[in-house]
Amino acid sequence: MSTAAAPVRQLDAHSVGELHRAAEKILAECGTSATSGPLLRLVAQQAAAFSDTLRHHCRPVDTADGLFVLRGLEVDDAAIGPTPADWSSAAGSGAPHDIELLLLAAVMGRPLAWEGQQEGRFVHNIVPSPGHETEQTGASSTVLLSPHTEDAFHPGRAHLLMLGCMRNHDRIATTAASVRRVRLSDADVDVLTRPVLPILPDDAYADAQGYAAEAPPPVPVLHACDEGMTLRFDPAYTPLENADAEYRAAYGRLEEELARVSVAVSLAPGEVLVVDNDLVVHGRVPFVPRYDGADRWLKRASVRVPGRRTRPPAEAREHGYGQAAVEAPAA
């Protein structure tokens, strides 16, 4: 795994001020960062009024890396309080940063939430939680979080994933690997662009795991679109034992290539990692949780980009295991 620096976009002081003032205005009017219809409409209105300079910082991912780090926001370690013990106890912790992340998401596209995850919140708190150390979810810690496409099981998954760092005293790295950096044979690409296996819902979606109305749909891992190759990948929730030897071998070579080109991104407070979810798989290195209020703390936002054509048209017919994605309204 490479430790090469990720592409960085440095926010200028004026843009940081725009974001801060807009977040303050929204919190003053709504009194909370808990997302509601009025708050989301106000977020959209404020985001629509941002300067061209701020919008340029939020332009689409424009390198084969498939990601960038937005740098320049400020986080006061004392003011944000202790790292929550789990997402459900976070409540309004770091509320101004929830709003800032939502505003950035609204510039990049439409913020996205899931009815079946973290009670429908548009901004998730990602913290290590007791009892979840070895799961393949954001609440884990002591195991490698396998590289994966965010919400790969669902056709309505985000186009962009945003991870805003609140605290990371131990410099714990997020891993990321772009399909545009891998080298695969034409034969392997041909195999992996066929819909052979399903991707099952992950442990964060308990209701989806019991979905039995229809059979899990097989989906392609790779897809060639006009812009280049994209992927949909989650080995932890893909029943590879049900595929033939040729498919498993091609899948394994893709895993090896993604590991070869993977980079480690250790976020500092105030930095936001933006990942193109159609190009990049992300994960996290193992770490020993503190459980003392000083653990790594990220805020996560998902973004759908209207009109984007980077996925197979057949995805529109998938059932999504009964899970509903909710888009924030436009301005």
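Excluded from the calculations below are hydrogen atoms, water molecules and symmetry mates; all remaining heavy atoms, backbone and side chain alike, are included.
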(message) Salt bridge or not between Arg232 and Glu318? Use side-chain N to carboxylate O under 4.0 Å.
(response) yes
(message) Would the distance check show the side chain of Asp295 and the main-chain N or O of Pro289 forming a donor-acceptor pair, the cut-off being under 3.5 Å?
(response) no
Atom pairs and distances, side-chain donor-acceptor, residues 92-105, under 3.5 Å, sequence neighbours left out:
residue, atom, partner, partner atom, Å
Ser93, OG, Ala90, O, 2.6
Asp98, OD1, Lys299, NZ, 2.7
Asp98, OD2, Ser33, OG, 2.9

(message) Side chains of Val265 and Glu271, heavy atoms from C-beta outward: is any pair under 4.5 Å?
(response) no
(message) Within the 4.5 Å heavy-atom criterion, are Asp12 and His57 side-chain neighbours or not?
(response) yes
(message) Assess whether a salt bridge exists between Arg248 and Asp244, defined as any Lys/Arg side-chain N lying under 4.0 Å from an Asp/Glu carboxylate O.
(response) no
(message) Looking only at the side chains, is there a donor atom on one of His223 and Asp278 sitting less than 3.5 Å from an acceptor on the other?
(response) no
(message) Check Glu315 with Arg157, please: is the shortest side-chain N to carboxylate O separation under 4.0 Å?
(response) yes
(message) Salt bridge or not between Asp226 and Arg309? Use side-chain N to carboxylate O under 4.0 Å.
(response) no
(message) Run the salt bridge (charged side-chain N to carboxylate O under 4.0 Å, His left out) test against Asp292 and tell me which residues pass, sequence neighbours left out.
(response) Arg290
(message) For Asp276, is there an ion pair with Arg180 - N to carboxylate O distance below 4.0 angstrom?
(response) no
(message) For Glu256, give me all partners under salt bridge (charged side-chain N to carboxylate O under 4.0 Å, His left out), at least two apart in sequence or on another chain.
(response) none
(request) Sort and list the pairs that fulfil ring pair (Phe, Tyr, Trp, His ring centres under 6.0 Å) and have at least one residue in residues 312-331, not counting sequence neighbours. (result) Phe153-Tyr321, Tyr211-His319, His319-Tyr321
(request) Check which hydrophobic residues are tied to Val75 through side-chain heavy-atom contacts below 4.5 Å, counting indirect links as well, and list them. (result) Ile80, Val127, Met166, Trp297
(request) Flag the pair Leu197 / Pro218 as yes when at least one side-chain heavy-atom distance between them is below 4.5 Å, and no otherwise. (result) no
(message) Closer than 4.0 angstrom, basic N to acidic O: yes or no for Arg181 and Glu257?
(response) no
(message) For His148, give me all partners under ring-ring contact (aromatic ring centres under 6.0 Å, His included), at least two apart in sequence or on another chain.
(response) His282
